[in-house]
Asks: 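I have a structure I would like to understand better, so I am pasting it below and will then ask my questions one at a time.
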Amino acid sequence: MSTSPPLLDVKDLNITFGSGESATHAVRGIDFSIAKGETVAVVGESGSGKSVTALSLVRLLPPPPTCRIEGDIHFSGHAIQELRTSQLRELRGKSIAYIFQEPSTSLNPVFSIHNQISEALLLHRPEVREISDEIERLLELVKIPNAKKRMHDYPHQLSGGMQQRVMIAMALACRPKLLVADEPTTALDVTIQSEIMELLVELKNEFKMAIMLITHNFGIVSGFADRVIVMFRGNIVEQGPTQEVLNNPQHPYTQALIDCIPKLGKKQERLTTIDYDKISGATQK
Amino acid sequence: MQPRKIFRELCKRPIGMISLGVLVCFYLIALFADFLAPYPTSTQNLDKPFHPPTALTWTSSGLGCKVYQNADAINPDWKPVKNETRSIQWFAEGYDYKFLGFIPANTHLFQLKDSQEGDRIYLLGSDSTGRDVFSRLLKGSQVSLTIGIAGISITLFVGFVVGGLSGYFGGLSDFVAMRFVEFLMAIPGLYLLLSLRAALAPYFKSDQMFYLIVVILAMIGWAGTARVIRGMSLSIRRRPFVQAAESMGQSTWKILFQHILPNLFSYLLVAATLSIPGYILGEAALSFLGLGIQEPAASWGLMLSQAQDMKVFMFNFWWMLTPGFAIFITVIAFNLLGDTLRDIVDPKFQMNRSS
């Protein structure tokens, strides 16, 4: 690893929903970091705390009595936990941008995409004068054909892949240093998935931003991530360079997760499932 | 849904179009009431109480009207006088008024030509003191029709701010706001109306009564609206595009007004159309009970309360009930329009159409 300080450094992050006996510990004391320009994949089953971790980075979770975030989050020199809401708002979008799972619901149905991208521009890059030109440029960047005409479309007039491209364009509009992609391809079919991922990598290289990629899809992980973080029940059970983790998983959960992937050419009677008793035993140690 | 699209859909529905047409006519009439009305609302003509609607005839100089004489010394029993007519002058000068409240004018659509003292044209008869019901109906429409719009504007604004904020923030503020709303809703409307009127009345002059009534009606009306909007904002708040806006660093007020409000637009449109009749009827009820608009000003409810006169029933002076018909038509038109709009913006309906 390089000696320069990481872009994002998370130490002993605890996230708890509710309080007292009914409290749910979504994330239990995890440490990780993301370097500049790095693509880090976070994998794990549903409910393992991936999305909550991602949202906690700029405190997008409900305020205290409902949800408590403890620990240190440092993002390029800012201690996120100590920032006021107004300072945090500066950071949101401009430094850390998000792409969510469902592009069709992440766009406001009553506004044209021109409106929605311009909202992002007005908010974080008020110096941009020719907003329509900039939007056209952004849409061309994410490879939407006929951008000049399409930018006046409403979300329902676009296909799922195009909607996700618009979301990416919105995220890019603010030139973030870290792009958090929360299952960006889950709602899309396989061919579109690879197109979107290739687009993300291309843009990543162009803008030199880091990507935190939350996914279930090991195909995407092996193809695009530099490093992998495996989460299980609020803990990080394993992290390391992608090929190392995928080829030589150390933790039984990671092994089990990889075993669950149906393999071509291998005869299988039933799909493999995870034997939780075995894993929790290993995690306790 | 886009306003233009809603209007296009509306054009395909005859009932909605007719209702909208009727309402537009009524509001235009209210706007030009002073121009259309031949006499001021308060000018009495004590010689001619309960004069029946004047019959129109052709005279040598164009359209004219008959002259009536009372056949009975005690009870009104008006009969037309044979071979005596008055002619009508179009765009004639009459009483002074201010068009739109600030442009001085005295032109009226019609007046009686060289009328002597006491000669009047009563298109819809006269009331117990000989005032022209037609003129009063037109002037009264200004009060009765604007009260609905003014009331619903205040209601929707307060309802949106309270409901939207409490739905957005949730937690304690939501709890407090909603319990207060429930408290307001638990009091029967009419009693609340009457007690508010009694409590606030000393501080208002009778010419400010209009504003007082609007405020009272809105104070009662916002609770239900706030509750519904709270529920909707609660559900929209959980939609990913709000989270996306938050993740972009948008401020709370902007999210409320730029993302949540436009998504409520179609509901608000329907809610407004369907609740305006409530305000019109509320004003009519207050005025009918003598607690609303005060004489000599006119409103439809106030005019109806004058129709309680025993003579109206005994002699069947039907023209005294015209404000009732006017209320009826307005309320029906608003309800039908609201129904049609609801059909248009209802997503279930859209699914049926597109499949």
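Throughout, a chain's letter reflects where its sequence line sits, starting with A, and its residues are numbered from 1.
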Asks: If you count heavy-atom pairs within less than 4.5 Å of chain A, which of B:A244, B:G171, B:G170, B:A245 leads?
Replies: B:A244
Asks: Are the side chains of A:P155 and B:F241 in touch, meaning some heavy atoms are under 4.5 Å apart?
Replies: no
Asks: Quick check: are there more than 12 heavy atoms from other residues, nucleotides or ligands sitting under 6.0 Å from CD1 of B:I187?
Replies: yes
Asks: Can you list the steps and then say if B:H259 with A:N108 is a side chain to side chain contact (heavy atoms under 4.5 Å, CB included)?
Replies: CA-CA 7 Å; B:H259 289 278; A:N108 192 334; 2.9 Å; yes
Asks: Quick check for you: among A:A120, A:S104, A:S86, A:A97, which has the greatest number of heavy-atom pairs under 4.5 Å with chain B?
Replies: A:A120
Asks: Taking every non-hydrogen pair under 4.5 Å, which of A:E90, A:H124, A:E119 racks up the most with chain B?
Replies: A:E119
Asks: So how far is it from B:S247 OG to A:D182 CG, rounded to the nearest 0.5 Å?
Replies: 10.5 Å
Asks: Can you tell me if B:F328 has over 12 outside heavy atoms packed within less than 6.0 Å of its CZ?
Replies: no
Asks: Could you tell me whether A:K204 atom NZ has more than 12 heavy atoms of other residues or ligands within 6.0 Å of it?
Replies: yes
Asks: Determine whether more than 12 heavy atoms belonging to other residues, nucleotides or ligands lie under 6.0 Å from atom CZ of A:R84.
Replies: no
Asks: Any idea which heavy atoms bring B:Q258 and A:F111 closest together, and the distance?
Replies: O-CE1, 2.7 Å
Asks: Say you draw a straight line from CZ of B:R238 to OG1 of A:T105; how long is it, rounded to the nearest 0.5 Å?
Replies: 14.5 Å
Asks: Can you establish whether the number of heavy atoms outside A:F207 located under 6.0 Å from its atom CZ is more than 12?
Replies: yes
Asks: Heavy-atom distance under 4.5 Å between the side chains of A:M167 and B:P240, does that happen here?
Replies: no
Asks: With a 4.5 angstrom heavy-atom cut-off, is it the side chain or the backbone of A:I96 that approaches chain B, or both, or neither?
Replies: backbone
Asks: When heavy-atom pairs shorter than 4.5 Å are enumerated against chain B, which of A:S106, A:C174, A:A171, A:G93 gives the highest number?
Replies: A:S106
Asks: Do other residues, nucleotides or ligands put more than 12 heavy atoms under 6.0 Å from A:E21 CD?
Replies: no
Asks: Would you mind checking which part of A:L107 comes under 4.5 Å of any heavy atom in chain B, side chain (CB onward), backbone (N, CA, C, O), both or neither?
Replies: backbone
Asks: Please check if the number of heavy atoms outside B:M219 that lie under 6.0 Å from its CE is greater than 12.
Replies: no
Asks: Which heavy atom of B:M248 sits nearest to which heavy atom of A:L123, and what is that distance?
Replies: O-CD2, 3.5 Å
Asks: Is any side-chain heavy atom of B:T252 closer than 4.5 Å to one of A:R89?
Replies: yes
